[in-house]
Structures are given as structure tokens and as C-alpha cells.
Peer 1: 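Let me give you the structure first, and then I'll get to my questions.
Residues: numbered from 1 along the sequence shown.
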Amino acid sequence: MPHSDVMRIPSPSLVGFRSLANPRVLARLAGLAALASIAGCVPPPRAEAPPPPPRTVAAPPAPTPRPVPIAADWRDWPYSPGTWVYRRDARGSIALFGPANADASLTLRCDTAARAIYLSRAGSMATPLTIRTSSVTRAVSVQPTGGTPPYVAAALMPNDSLLEAMGFSRGRFVVQQPGLPPLVVPAWAEIERVTEDCRG
């Protein structure tokens, strides 16, 4: 076979196989393969859940106001809300005490036909009323009047000294009944007017 001086150039495919046989190349390829396999195992990023809505904390309830302590002496107690109103009607006359545009808290009625004066307090409890004046303290029995709104009433004779004690009490008198707040009532002229209507 004749000798040829022409250099044989290895085919590109053989060069590639030889370079792949290089230990450095193989190590790099193994590293890339490992990275590719790891990348394939990483799950896709999850969409973040929306943040929970802010918690609304209810404001604590306002503290219940404490009742204002009253003085030991009833003559220093504040007046109950209201004012006296005097009226004449077919039965005689009446003095009403209480807030404006509301049912009366206390009434004093002269019934001329019965010749009696009725002291009435709003409520339905038939326990005695205690009347405190600057000169007299007395308990009086009451009966329900049977009307609406409910009242209980004590019948007094026109010449009962308790009526004058109420009318002339120093500044105020008090009507007390168990289970109800006391009524602190100014001693105004309407009390004496009703009394005089039944005495005349």
C-alpha cells in the first residue's frame, strides 16, 4: 500500500467522542445532569394565600354609672325632677308633681263630693308610703286606684295635720315606698290650695 504524506484529519464525530472521554468533561457533565435533576424536583412557586382580614375587636361596654350617693339627712337630698301644676275640674281640684309632658309622679286631689283628699303615687305596689316633713314623719296605707297608668292612693281627711306639715315643710318633703326611689318634692303653694279647696 503506498505511503501517503497527506495528514489524516480525524472525523468530527471521533473528536467529540474523545473529548467526552476526558475525565474533566465527564465530571462537568455529571454536575450539570445533577443540577438538571434537582431543578426538575423543585415544585413550582405557590401563589401566596391572601392575608386574613383584620380582626375587629369590639370595644368593651361602657361601665355602668354608679348611683350618686345621697346624704344621710333627707333635707339635703336633691329634688326629684319635675314641678307642681294646679288644676280645677268637675271633681274639685288637683295638684300634680312630675316632669313636663309625662305622667305625674305624685298627685294631691281634692274630691269635693267625697270630702276627702287623695295622695297618690305612680306605681302598683300597695305597701305603705312614708311621708317625711320637717315637723312630722308618718306612714300611710295605700290602695291601688285601678287606673292606667297605675297609681296607689292614700285617703286623708281635709283637716289632717299631715297636709299642713307637707305644705309648710322647710323647702321639701319626701315620699318613700319600699322598692321605689324616694320622691323629694318641693313644698309649694299648690299643696295648700288643694287642701283649702276641700276645707271650704
Side-chain angles (χ1 to χ4, degrees), residues 61-200:
T64 305
R66 293 182 180 177
V68 177
I70 57 176
D73 190 342
W74 63 266
R75 287 168 288 200
D76 296 326
W77 294 355
Y79 289 111
S80 298
T83 187
W84 282 105
V85 175
Y86 172 85
R87 293 181 191 152
R88 293 192 68 88
D89 58 20
R91 289 178 61 190
S93 61
I94 186 169
L96 305 100
F97 177 81
N101 304 316
D103 294 320
S105 305
L106 188 73
T107 67
L108 195 66
R109 166 171 283 288
C110 164
D111 188 327
T112 53
R115 301 285 296 169
I117 294 178
Y118 297 97
L119 175 66
S120 303
R121 179 179 181 160
S124 57
M125 296 182 3
T127 53
L129 299 179
T130 300
I131 315 299
R132 296 183 188 278
T133 74
S134 55
S135 60
V136 172
T137 297
R138 192 200 297 177
V140 294
S141 298
V142 295
Q143 294 294 326
T145 62
T148 302
Y151 282 83
V152 292
L156 303 171
M157 297 301 293
N159 60 354
D160 194 315
S161 61
L162 180 60
L163 296 168
E164 285 190 351
M166 290 163 55
F168 292 105
S169 189
R170 292 178 189 161
R172 72 197 68 201
F173 66 93
V174 174
V175 179
Q176 292 175 288
Q177 191 177 26
L180 293 175
L183 287 175
V184 184
V185 184
W188 287 2
E190 284 80 0
I191 300 164
E192 283 301 304
R193 288 182 71 181
V194 169
T195 304
E196 288 304 318
D197 289 341
C198 262
R199 286 177 180 171

Peer 1: Taking ring pair (Phe, Tyr, Trp, His ring centres under 6.0 Å) as the definition, give me every residue that meets it alongside Phe97, ordered by chain and number, with sequence neighbours left out.
Peer 2: Trp84

Peer 1: One thing to verify: whether Arg91 and Asp89 come together as a salt bridge, which I'm taking to mean a side-chain N less than 4.0 angstrom from a carboxylate O.
Peer 2: no

Peer 1: Specify the closest pair of heavy atoms between Asp111 and Cys198, including all atoms of both residues, with the distance to one decimal.
Peer 2: N-SG, 3.7 Å

Peer 1: Between Ile131 and Leu119, is the side-chain contact (heavy atoms from CB on, under 4.5 Å) condition met? List the steps.
Peer 2: CA-CA 11 Å; Ile131 315 299; Leu119 175 66; 3.7 Å; yes

Peer 1: Go through it in stages, so that I can follow the logic: the residues are Arg75 and Arg170, the test is side-chain contact (heavy atoms from CB on, under 4.5 Å), and I'd like the CA-CA distance, side-chain angles, deciding distance and then a yes or no.
Peer 2: CA-CA 8 Å; Arg75 287 168 288 200; Arg170 292 178 189 161; 5.6 Å; no

Peer 1: List the steps, then state whether side-chain contact (heavy atoms from CB on, under 4.5 Å) holds for Tyr118 with Thr145.
Peer 2: CA-CA 10 Å; Tyr118 297 97; Thr145 62; over 6 Å; no

Peer 1: Working to the nearest 0.5 Å, report the span between CZ of Arg115 and CZ of Arg199.
Peer 2: 10.5 Å

Peer 1: Residues two or more places apart in sequence or in another chain: which of them pass side chain to side chain contact (heavy atoms under 4.5 Å, CB included) with Thr127?
Peer 2: Met125, Gln177, Pro178

Peer 1: Grab the two heavy atoms, one from Ser124 and one from Pro150, that are nearest each other, plus how far apart they are.
Peer 2: CB-CB, 4.1 Å

Peer 1: Residues in side chain to side chain donor-acceptor pair (under 3.5 Å) with Glu196, at least two apart?
Peer 2: none

Peer 1: Should Thr112 and Cys110 count as side-chain neighbours, where that means a heavy-atom distance under 4.5 Å?
Peer 2: yes

Peer 1: To the nearest 0.5 Å, tell me how far Thr195 OG1 sits from Leu163 CG.
Peer 2: 4.5 Å

Peer 1: Does Ala126 have any side chain to side chain contact (heavy atoms under 4.5 Å, CB included) partners at least two apart in sequence or in another chain, and if so, which?
Peer 2: Pro144

Peer 1: State which residue, out of Glu192, Arg88, Arg109, fulfils the side-chain contact (heavy atoms from CB on, under 4.5 Å) condition with Asp197.
Peer 2: Arg88

Peer 1: Test your reading of the model: is there a side-chain donor-acceptor pair from Thr130 to the backbone of Ala139, 3.5 Å cut-off?
Peer 2: no

Peer 1: Does any non-hydrogen side-chain atom of Ile117 lie less than 4.5 Å from one of Leu108?
Peer 2: yes

Peer 1: Could you grab the distance from atom CZ of Arg172 to atom OG of Ser80, nearest 0.5 Å is fine?
Peer 2: 10.0 Å

Peer 1: Do you know which two heavy atoms are closest between Ser120 and Tyr151, and how far apart they sit?
Peer 2: CB-CD2, 4.2 Å

Peer 1: For the side chain of Ser169 and the backbone of Ser134, is there at least one donor-acceptor N/O pair under 3.5 Å apart?
Peer 2: yes

Peer 1: Evaluate the side-chain proximity of Pro99 to Ser105: yes if any heavy-atom separation is below 4.5 Å, no if none is.
Peer 2: yes

Peer 1: What is the minimum heavy-atom distance between Gly167 and Ala187, and which atoms define it?
Peer 2: O-CB, 3.9 Å

Peer 1: Just wondering, do Val194 and Tyr86 contact through their side chains at under 4.5 Å, heavy atoms?
Peer 2: yes

Peer 1: So, for Thr83 and Trp188, which heavy atoms are closest and what is the spacing to 0.1 Å?
Peer 2: OG1-CZ3, 3.0 Å

Peer 1: Name all residues meeting the side chain to side chain donor-acceptor pair (under 3.5 Å) criterion together with Asp160; count only those two or more places apart in sequence or in a different chain, and write none if there are none.
Peer 2: Arg138

Peer 1: List the steps, then state whether side-chain contact (heavy atoms from CB on, under 4.5 Å) holds for Leu183 with Arg121.
Peer 2: CA-CA 9 Å; Leu183 287 175; Arg121 179 179 181 160; 3.7 Å; yes

Peer 1: Mind checking salt bridge (charged side-chain N to carboxylate O under 4.0 Å, His left out) for Asp103 and listing every partner two or more places apart, or none if nothing turns up?
Peer 2: none

